[in-house]
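Have a look at the structure below before the remarks.
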Amino acid sequence: MASQDESLQDLHEDDAPPLISVPDSGDAGEGGKLKMIVQLVKKCLGVKDIAAMRLSLPASLLEPIPNLEFSHYLDRPDIFAAINDYDDAFDRMLAVIRFTATKDLKYIRGKVCKPYNSVLGEHFRTHWDVPPVVHPTDSDEPPVAQILVTAPTASGLAPPEQAYGKPSDTASIHSSKSTRSSNSFMSGLTPKSPSTAPTSPQQLADGDLNAQISQLNLGETTDDKLRIVYLTEQISHHPPISAYYAACPSRSVEMLGVDQISAKVSGTTLKVAPGSFNKGLFVNITGGHGEGERYQVTHPVASVNGILRGSFYITVSDTTIITCTGGRHGPKFRTIIEYKEESWLGRPHFLLEGVIHTVFDGDSQHEEWTKVKHVPHSRVAAVLDGTWKGLIRWKRVGPGSYPAATSSASSSPNPSHIALPSASNRSYGAASKADLTGPSSEYNTLIDLSTLWVVPKQVRPLEKQLPTESRKLWEGVTNRLLKKEYSEATKEKITIEQRQRDEAAERKKKGTSFVPQYFEEDISSGVPTLTEEGRKAIEEELQENDDEREEAEAEAKTPRA
């Protein structure tokens with residue numbers, strides 16, 4: 001694996017490990033797929049980093065969608081766009097936590113699957129037009145999303161496909177006119193889109209079906225839509241690395257980062273962690289209330305369980321740390337979200353807990369605080385808990401969580417922090433979050449993930465796409481998979497992979513190296529930089545006229561006399 005200070009110039013695709021393939025069993029059923037998965041697990045035992053291996057899988061094991069199209073963090077672009085809606089720094093931190101909770105919403109949905117591996121130079125671009133969230137009068141209440149929302153549910157069931165009124169979003173291409181698709185994950189193994197629910201084991205009962213349809217809000221709103229744009233490019237093949245950039249210019253917020261994973265088999269579990277180039281994702285606020293602020297959001301560790309049983313599900317462990325820097329002079333906020341380890345016995349509970357604490361200018365002590373118990377009581381502003389599959393709640397426990405005008409104990413609307421131990425008599429960390437709060441304190445809802453569903457993306461039609469754009473590049477494989485022509489799909493896939501090897505050999509012969517088109521080569525900081533071509537692609541996506549396209553498509557479908 002690359003060291004922390006390497007750049008792309010130090011990565012040599014021609015020094016890649018030998019190709020390891022899993023032969024097609026010829027059985028496209030679940031039994032045949034399980035046999036191939038077991039073979040794959042055997043080949044991966046003892047491998048330090050599976051992500052660095054050159055694996056060639058039969059097409060029948062793949063989901064009909066490119067990895068770059070799946071691997072983004074904007075399953076709820078409306079929540080992302082709302083980060084800079086707040087004047088108060090603490091409220092902006094809460095907004096970033098909400099975004100963090102929704103960025104991989106597909107963790108919660110459907111069964112685990114594998115999209116296509118990205119090839120060097122492949123890129124993907126898309127956008128969303130969404131109504132802004134509505135903010136309640138009480139600032140402690142969460143914002144209200146206006147699309148793809150249902151009533152709270154204790155289950156992880158997705159809304160019925162009928163409610164979407166369109167084909168499954170899981171497949172990236174249904175015809176040359178298809179323009180919408182699905183969503184994200186950290187890279188690699190990925191749960192299916194929610195619109196595949198009718199074919200999953202977690203189908204809705206007939207009695208729940210009508211209820212879900214009646215509660216689902218998919219209607220257009222009268223509010224002006226917000227446009228969020230996204231661009232990503234595969235900038236290295238060995239190891240696999242992509243760079244990405246997203247923005248909502250009308251709300252002065254952008255997101256960018258480098259995606260790279262490290263994966264290994266541990267027992268019967270596949271553990272997926274960030275690679276050395278992956279420093280997390282970064283949210284920049286470029287104007288408005290939080291101008292100059294940058295939030296670094298680190299990734300936790302995800303595990304794919306139940307491999308040998310053929311019944312996959314995902315758990316999350318370790319921590320996510322959100323650190324705010326820049327912006328206005330004065331104290332900043334930092335959040336530690338700790339995902340609870342699941343027991344070997346019983347069903348997983350998907351629990352988390354966390355703290356929001358203050359950080360002062362010039363102070364570096366907080367860099368050593370990586371768990372809830374490390375944070376001194378005197379520095380805690382708020383605590384949170386819940387489940388990353390459903391309800392997450394929070395409450396104030398320190399004066400730092402209140403606006404400056406109401407920060408004193410006498411004027412605080414909920415002065416539960418009065419009982420908090422002071423730094424003079426107890427400055428060490430809490431044994432757990434529970435030590436910080438009393439039973440009388442009131443919790444607020446941060447977000448209820450059981451009510452939210454993935455917002456489909458909007459993509460230009462195939463005829464407008466470049467040959468290296470994901471949907472165009474993988475069009476043949478996708479069409480074959482949708483027709484269940486698995487042998488032909490595998491042949492198409494092998495052709496694409498061989499073309500990549502031929503191009504690498506040609507570069508080696510000429511003594512040249514691959515140069516990304518949309519991002520600068522230096523990614524050592526974990527924060528990529530757009531090239532002139534990248535900025536041009538973003539501007540084109542911002543100007544993309546969906547109304548004209550949809551009118552043209554409707555006209556093309558109208559029967560002529």
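Numbers here simply count residues along the sequence, with the first being 1. All values below were derived from every heavy atom in this structure, side-chain atoms included, with hydrogens, water molecules and symmetry-related copies excluded.
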- [ ] For Lys340, enumerate each residue passing the salt bridge (charged side-chain N to carboxylate O under 4.0 Å, His left out) test, keeping only those at least two apart in sequence or located in another chain.
- [x] Glu338, Glu353
Open item on the list: With side chain to side chain donor-acceptor pair (under 3.5 Å) as the test, pick out the partner of Arg251 among Asn84, Asp85, Thr286.
Closed with: Asp85
Open item on the list: Taking the basic N atoms (NZ, or NE/NH1/NH2) and the acidic carboxylate oxygens, is any pair closer than 4.0 Å for Asp363 and Arg379?
Closed with: yes
TODO: Taking salt bridge (charged side-chain N to carboxylate O under 4.0 Å, His left out) as the test, write out the residues that go with Glu141, two or more places apart.
DONE: none
TODO: Among Leu226, Thr102, Val229, Val455, find the one that has a side chain to side chain contact (heavy atoms under 4.5 Å, CB included) with Pro77.
DONE: Val455
Task: Point-to-point distance, once rounded to the nearest 0.5 Å, from OH of Tyr518 to CG of Leu231 - done: 7.0 Å
TODO: List in chain and number order the residues that pass side chain to side chain contact (heavy atoms under 4.5 Å, CB included) with Pro249, two or more places apart in sequence or in another chain; answer none if no residue qualifies.
DONE: Ala247, Leu542
Open item on the list: Classify the ring geometry of Phe90 against Phe333: parallel below 30°, tilted from 30° to 60°, perpendicular beyond 60°.
Closed with: perpendicular
Task: Flag for Asn305-Thr315: side-chain donor and acceptor within less than 3.5 Å - done: yes
- [ ] Would you tell me whether His366 and Arg334 have side-chain atoms, one donor and one acceptor, within less than 3.5 Å of each other?
- [x] no
- [ ] Kindly give the heavy-atom pair with the smallest separation between Thr150 and Ser450, and that separation in Å.
- [x] OG1-O, 3.8 Å
Open item on the list: Quick one: does any side-chain atom of Thr320 pair with a main-chain N or O of Ile337 as donor and acceptor, under 3.5 Å?
Closed with: no
Open item on the list: Please enumerate all residues that pass salt bridge (charged side-chain N to carboxylate O under 4.0 Å, His left out) together with Arg227, with sequence neighbours excluded.
Closed with: Asp129, Asp546
Task: Least distance between heavy atoms, Trp388 atom then Ile108 atom - done: O-CD1, 3.4 Å
Task: Nearest atoms (heavy-atom pairs only) where Thr298 meets Thr319 - done: OG1-O, 4.2 Å
Task: The single option from Asp140, Val383, Leu384, Leu391 passing side chain to side chain contact (heavy atoms under 4.5 Å, CB included) against Tyr443 - done: Val383
Open item on the list: Can you give me the closest heavy-atom contact between Pro136 and Val134, atom names plus distance?
Closed with: CD-O, 3.6 Å
Task: Which atom of Gly526 lies closest to which atom of Lys279, heavy atoms considered - done: CA-CG, 3.7 Å
Task: Non-neighbouring partners of Asp318 that pass side chain to side chain contact (heavy atoms under 4.5 Å, CB included), sequence neighbours left out - done: Val301
Task: All side chain to side chain contact (heavy atoms under 4.5 Å, CB included) counterparts of Thr529, not counting sequence neighbours - done: Glu520
TODO: Give, for atom CG of Asp88 and atom CG of Leu94, the distance between the pair rounded to the nearest 0.5 Å.
DONE: 9.0 Å
Open item on the list: For Met255 versus Phe80, what's the shortest heavy-atom pair and its separation?
Closed with: CB-CE1, 3.7 Å
Open item on the list: Looking at Glu544 and Arg460, is there a salt bridge between them, counting it only when a charged N and a carboxylate O are closer than 4.0 Å?
Closed with: no
Open item on the list: To the nearest 0.5 Å, what is the distance between CZ on Phe124 and OG1 on Thr232?
Closed with: 9.5 Å
- [ ] Before accepting this row, confirm whether a basic side-chain N of the pair Asp75/Lys103 lies closer than 4.0 Å to the acidic partner's carboxylate O.
- [x] no
TODO: Report yes or no: does Lys371 contribute a side-chain atom to a donor-acceptor pair with the main-chain N or O of Trp369 at less than 3.5 Å?
DONE: no
- [ ] Could you grab the distance from atom CZ of Arg393 to atom OG1 of Thr387, nearest 0.5 Å is fine?
- [x] 12.5 Å
Open item on the list: Please tell me whether Asp259 and Tyr73 have a donor and an acceptor in their side chains that are separated by less than 3.5 angstrom.
Closed with: yes
Open item on the list: If the threshold is 4.0 Å, N to carboxylate O, is there a salt bridge linking Arg125 and Glu540?
Closed with: yes
